[in-house]
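Note that these values count all heavy atoms, side chains included, but never hydrogens, waters or copies made by symmetry. Every value quoted in this text rests on a predicted model; they were computed, and no experiment measured them.
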Amino acid sequence: KVPDEKHHANVILTHKPPRLAAVKSSPFALGVTAMRRKLRRGGAPHPKENIVLRDLANAQYYGRLKVGTPPRAFDVMFDTGSADLWVPGLACTTDSSNCAAKNPYIVSASTSYSEVAAGAKTVFHIVYGSGDVHGRFGLDTVTIGEDYTVEHQKFAVVDSTDGLGDVYENAEFDGVLGLAFDSLSSMGGGAKTFFANLKDQTEVNKTMFAFFLGDHADGELTIGGYNKDRMQTPEEIHWIPLEVPAYWLINMDHVKFGNINVTEGSAGGIMDTGTSLIYGPYTEVNLIADSINATYMEQLGLFNIPCNATIPDLEFGMGGRAYKVPGNKLKMVFGDDDQQHCFLAISVMQLSEDSEIKTMDTELEQGVIDEIKNLAGDAGLSPIPFEYKFNTWLLGDIFLRIEYCIFDYDN
């Protein structure tokens, strides 16, 4: 078991930014060529596969995928809150100090690599509060699990990760594989995410994936279905419809904190495996914070709370049912018995009337700004429906560790 102080220290570091991919996408992989040809001739669907997710102190979850021919293995964050695939390139390990120890993708070493088509978007660029992340798009074979393989997958080879600072340097993963939908991807030109291509190129058993996040232990990503052995009541799956196929965004009937009704009416909830904490709108989160005498600390972007405080449960209403995060899971304790500091595992984000996303600390929360920037925009163009534009929550790993979550891509 990882000591709680190490977990909380990692959370404090990694929640700035909670997401390394600012734009979004949706992805996954297929079967080998021979298997795919067999399937297209009417063979049996590809069985589901379980991919081990390593747990870094409950703050990061990452697993293995392979890119290129011969395949080169990378540890990546499987992120339902974004939609692009990127890995560090050789230049990243020499030009960015925080990338020096990463496992690089080498273009010249893969016989299946190719440049994007003429006229297609080539530049990959994400802006963070402390700098930029740069790279170039290319095409190659990507495999997840034993043989879920996608050919000619568009992905980014990153040359500079300076903007991610120590967060990336201390992370155990090399890159990010986004599992949201095509509309969130930065690839442009109608390019499809990994999971969309996986669906098109092979016959998966079910167009689903599912997450089991371990608690100070390894977790699991299941591709092509879900693992009933990880579920307490597999015969009682509670399906909740998406609002739009962009983020994994659902309608929440209510949000309560103990006896306090935090929201008036419904709110949006984004299921985000790439975020450690829970983020909510400014007014609602401050209502929660005020009720337990929490004080916002700008340097950390977190609320400091009295260590002897009793934290109520946080309740989200979804599809007519209540899902609770126990109060003891919302308190992060840092330090020893002589000098403890305690923080609330809920922080703030907000959209202003001019469609600029605001947080209480622009610098430290730039990652949230980048992640949610698509909330802004004209109704009908934004991936977030207008009624949720100023009332959306990010439900990160603290929530997702409690519930086994199945993502049904088709339905």
Side-chain angles (χ1 to χ4, degrees), residues 21 24-49 51 63-76 78-79 82-90 103-122 124 135-158 174-182 184-209 221-225 409-410:
K24 320 298 174 179
S25 136
S26 141
F28 261 150
L30 308 141
V32 292
T33 301
M35 174 63 76
R36 183 172 60 255
R37 288 173 179 167
K38 177 182 177 182
L39 292 174
R40 285 178 174 173
R41 290 196 298 266
H46 196 300
K48 69 177 186 291
E49 291 192 29
I51 293 95
R64 185 64 55 92
L65 62 69
K66 291 168 282 188
V67 182
T69 307
R72 188 176 182 91
F74 297 90
D75 288 325
V76 299
F78 295 102
D79 178 18
S82 70
D84 290 306
L85 167 60
W86 67 263
V87 293
L90 192 59
N103 177 29
Y105 172 85
I106 304 172
V107 170
S108 61
S110 175
T111 59
S112 52
Y113 175 84
S114 62
E115 301 290 342
V116 298
K121 184 177 180 180
T122 59
F124 180 66
R136 293 185 65 82
F137 286 113
L139 306 173
D140 211 337
T141 300
V142 178
T143 300
I144 190 172
E146 291 298 320
D147 57 5
Y148 269 114
T149 300
V150 171
E151 296 177 347
H152 309 296
Q153 175 62 48
K154 190 170 183 178
F155 73 110
V157 181
V158 169
D174 302 304
V176 173
L177 174 59
L179 293 171
F181 292 85
D182 292 352
L184 295 183
S185 171
S186 67
M187 293 182 290
K192 293 185 177 182
T193 62
F194 178 76
F195 201 76
N197 277 327
L198 179 61
K199 174 187 171 183
D200 290 345
Q201 293 185 25
T202 193
E203 188 175 342
V204 294
N205 185 44
K206 295 178 180 178
T207 52
M208 300 176 180
F209 53 89
L221 167 63
T222 299
I223 303 297
Y409 193 83
D410 276 349

Nearest-0.5 Å distance that lies between atom OG1 in Thr122 and atom NZ in Lys154: 8.0 Å
Taking the inter-plane angle between the rings of Trp86 and Phe124 on a 0 to 90° scale, is it parallel (under 30°), tilted (30 to 60°) or perpendicular (over 60°)? tilted
With sequence neighbours excluded, tell me which residues meet side chain to side chain contact (heavy atoms under 4.5 Å, CB included) with Asn205. Pro45
With the side chain counted from C-beta on, respond yes when Pro71 and Thr143 share a heavy-atom pair under 4.5 Å apart, and no when they do not. no
Quick one, Arg72 and Asn103 - any side-chain contact, counting heavy atoms below 4.5 Å? yes
Can you give me the closest heavy-atom contact between Gln153 and Met187, atom names plus distance? NE2-SD, 4.3 Å
Drop me the distance from Leu85's CG to Ile144's CD1, to the nearest 0.5 angstrom. 10.0 Å
Heavy-atom distance under 4.5 Å between the side chains of Lys199 and Lys192, does that happen here? no
Any side-chain heavy-atom pair of Leu177 and Val142 under 4.5 Å: no
On a heavy-atom basis, which atom in Tyr105 and which in Val67 lie closest, and how many Å separate them? CE1-CG1, 3.6 Å
Between the side chain of Asp174 and the main-chain N/O of Asp75, is any donor-acceptor distance below 3.5 Å? yes
Please examine the side chains of Asp147 and Glu49, heavy atoms only from C-beta on, and report whether any two atoms are closer than 4.5 Å. yes
Centres of the Phe78 and Phe209 rings: under 6.0 Å? no
Determine whether a donor-acceptor pair (N or O, by modelled atom type, separation under 3.5 Å) exists between the side chain of Gln201 and the backbone of Glu151. yes
Return the minimal non-hydrogen interatomic distance between Thr69 and Ser112, and the atom names on each side. OG1-OG, 2.7 Å
Applying ring pair (Phe, Tyr, Trp, His ring centres under 6.0 Å) to Phe74 and not counting sequence neighbours gives none
Has Lys206 got a side-chain atom pairing as donor or acceptor with Lys48's backbone, closer than 3.5 angstrom? no
Within this structure, what is the CG-CG distance for the pair Asn197 and Asp182, rounded to the nearest 0.5 Å? 8.0 Å
Sorted by chain and residue number, the side chain to side chain contact (heavy atoms under 4.5 Å, CB included) partners of Ala117 (sequence neighbours excluded) come out as none
Just checking Tyr409 against Phe181, ring centres under 6.0 Å apart? yes
Got a second to check how far Leu139's CG is from Phe155's CZ, nearest 0.5 Å? 8.0 Å
